[in-house]
2 protein chains.
Amino acid sequence: MTVKYQMVASVLEHDILQGKFQADEKLPTEEELMRKFQVSRNTIRRALNILADQGYVYQVQGSGLFLREFSRPGCITIRKMQGLTKELAGHDMSSQIIDLSLIKANDELAKKMRCAPGDSLYFIKRLRFVNGEPLVLEEAYYNKKAVPYLNAEIAQTSIYRYITDDLKLKVGFADKLIYCDKLSKEDGDHLKLIEGDPALIIENTVFLNTGVVFNVSLEKYHYSSAKLLALTF
Amino acid sequence: MTVKYQMVASVLEHDILQGKFQADEKLPTEEELMRKFQVSRNTIRRALNILADQGYVYQVQGSGLFLREFSRPGCITIRKMQGLTKELAGHDMSSQIIDLSLIKANDELAKKMRCAPGDSLYFIKRLRFVNGEPLVLEEAYYNKKAVPYLNAEIAQTSIYRYITDDLKLKVGFADKLIYCDKLSKEDGDHLKLIEGDPALIIENTVFLNTGVVFNVSLEKYHYSSAKLLALTF
DNA sequence: AAGTGGTCTAGACCACCGT
DNA sequence: CGGTGGTCTAGACCACTTC
């Protein structure tokens, strides 16, 4: 985070989230941003690309920089490489740990985690609530080689923050397999739904910047309370 | 497409799709690519960023450029700003037009399309099949100001290709609202499912590079045959 | 130590939008 | 026309991996 373009991007993101710019009003030009931050044009453009990728702004040649409608009431905006905790900042969020244990990878898990059978993995099953209502049931595995320690306290707040800020790991990229299916009786109980109700399901495989898998998870979202908003470029 | 970085990216994409590189084997270095394409390092890096965004490759500092597993059997890979037709190239695809008409926007539609009530819109309802099985039921609106002409022949093949290649429009960005819900009796009939079965639903709002909405659509995917793979950075 | 990608700069020229 | 973003270059230095 010490690099210039990330610094510029996070300052601008902060300003945007603070509502310092009006919707659809023109934002500062690249020229003005260069002067303000005392960096080269390329650095400004890199920062703006990040904000564009995250769905905050767009640029129009010959015209300027504009704010995008980057949120919708009642929807969870999913941005690149960012945990749910940050997305839902401002809401009343909590997590109930259903299981947390250290296990050995069997053949199937080893294949998913791209690790050797027998490797140690943390297994965490938790139910995440927003405003007291169950939003998502999550089963996650973390490779102990990448994440040497985890406990309930961390799992109850933000695992993502712990991994990036405390462990200083850099998340590289992720596969997200998105589909829907009918809930089992047991999963339905957790989400306060009944067997056969639909569920939005996301299977994540998350890689560090080195290309190593450190996390695999299965998320089952409550079908009527979860609407995910992806802002793509 | 005449610009250098897009040219480099599409040549490399073509090579990757042709299988010219082995999985997880190292690809050429930036140095080698600069020599091969006779362009500057920044241009190579821009091309590689595109391929990385599309999920094809990743780079590791100090190490090199690597191929990612960019597809999974039985899954539809969704990439930035690309129609289904290109994604499913190689499969047996067809579309059945259920409705195609020119209508006037009512207040609700005008709000969604960010246009004035009474503006002319093309409405298209079609069912898209893969290998003879229904995959997705789609209801789409196109602003006639942006897309002055549409017919069944175009709608039966690829609207996306028509818009970018023939009309020379540039797609800028899109909002995708993803959720699931129970199917109605009528929608279930189209997808060969029954009332109450789950459906993966995506509501798209697609903008031109000028920030103008040109398309809004509602896609209802068959829950057991559609698994969407998003490769995110 | 050598090789590789990551960051940053300064400057040039082009394409498009608005007046 | 002036203002704005879009493309491209050449070069420098840093950070990390690999041997």
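So you know, we letter chains A, B, ... as the sequences are listed, proteins then strands, and number each from 1.
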Do L231(B) and F70(B) touch side chain to side chain, with heavy atoms closer than 4.5 Å? yes
Under the rule for side-chain contact (heavy atoms from CB on, under 4.5 Å), what residues qualify as partners of Q38(A), not counting sequence neighbours? none
Mind checking what makes side-chain contact (heavy atoms from CB on, under 4.5 Å) contact with T29(B), not counting sequence neighbours? E31(B), E32(B)
Can you check whether Q59(A) has a side-chain N or O nearer than 4.0 Å to OP1 or OP2 of dT4(D)? no
Taking the minimum atom-to-atom distance to the side chain of T29(B), which one of dT4(C), dT9(C), dT4(D) wins? dT4(C)
Polar atoms only, N or O, under 3.5 Å: list the protein pairs with nucleotides 12-16 of chain D and their distances.
| from | atom 1 | to | atom 2 | distance (Å) |
| --- | --- | --- | --- | --- |
| dA12(D) | N6 | R41(B) | NH1 | 3.4 |
| dA15(D) | O4' | Q61(B) | NE2 | 3.4 |
| dA15(D) | N3 | Q61(B) | NE2 | 3.0 |

Starting from P on dG3(D), measure out to CZ on R35(A) and report it in whole angstrom. 12 Å
Quickly work out the Y58(A) OH to dC17(C) P distance and round it to whole Å. 13 Å
Between dA10(C) atom C1' and Q38(A) atom CD, what is the distance in whole Å? 14 Å
Starting at the 5' end of DNA chain C and moving along, which residue's nearest nucleotide shows up first, S40(A) or V60(A)? S40(A)
Would you say dC8(C) has OP1 or OP2 under 4.0 Å from some side-chain N or O of Y5(A)? no
Provide, to the nearest angstrom, the distance between the CE atom belonging to M34(A) and the C1' atom belonging to dA10(C). 9 Å
Is the terminal nitrogen or CZ of R68(B) (NZ for Lys, CZ for Arg) located under 6.0 angstrom from the six-membered ring centre of Y58(B) and within 45° of that ring's axis? no
How would you list, by chain and number, every residue that makes a side-chain contact (heavy atoms from CB on, under 4.5 Å) with T164(A), sequence neighbours excluded? Y160(A), V171(A)
By side-chain contact (heavy atoms from CB on, under 4.5 Å), K104(B) pairs with (sequence neighbours left out) S120(B)
Between P of dC17(C) and CG of N209(B), the distance in whole Å: 8 Å
Which pairs of donor and acceptor atoms, one on a side chain in residues 143-151 of chain A, lie under 3.5 Å apart (sequence neighbours left out)?
| from | atom 1 | to | atom 2 | distance (Å) |
| --- | --- | --- | --- | --- |
| N143(A) | OD1 | K145(A) | N | 2.9 |
| K144(A) | NZ | P148(A) | O | 3.3 |
| K145(A) | NZ | D119(A) | OD2 | 3.4 |
| Y149(A) | OH | N151(A) | ND2 | 3.2 |
| N151(A) | OD1 | E153(A) | N | 3.1 |
| N151(A) | OD1 | I154(A) | N | 2.8 |

Within residues 43-50 of chain B: residues closer than 4.0 Å to DNA chain D (heavy atoms): T43(B), R46(B)
Rounded to whole angstroms, how far apart are CZ on F37(B) and P on dC8(D)? 13 Å
According to salt bridge (charged side-chain N to carboxylate O under 4.0 Å, His left out), who are the partners of K4(B), at least two apart in sequence or on a separate chain? none
Return the value, rounded to whole Å, for the distance between atom CD of E32(A) and atom C1' of dG3(D). 11 Å
What's the CD-P distance between E30(B) and dG11(D), to the nearest Å? 17 Å
Minimum-distance nucleotide to V3(B) side chain [options: dT7(D), dG5(D), dT9(C)]: dT7(D)
Identify each donor-acceptor pair in which a side-chain atom of residues 207-219 of chain A lies under 3.5 Å from a protein atom, sequence neighbours left out, and give them as a table.
| from | atom 1 | to | atom 2 | distance (Å) |
| --- | --- | --- | --- | --- |
| S217(A) | OG | N204(A) | ND2 | 3.2 |
| E219(A) | OE1 | N204(A) | ND2 | 3.4 |
| E219(A) | OE1 | Y221(A) | OH | 3.1 |

On DNA chain C, more 5' by nearest nucleotide between E31(B) and V39(A) is E31(B)
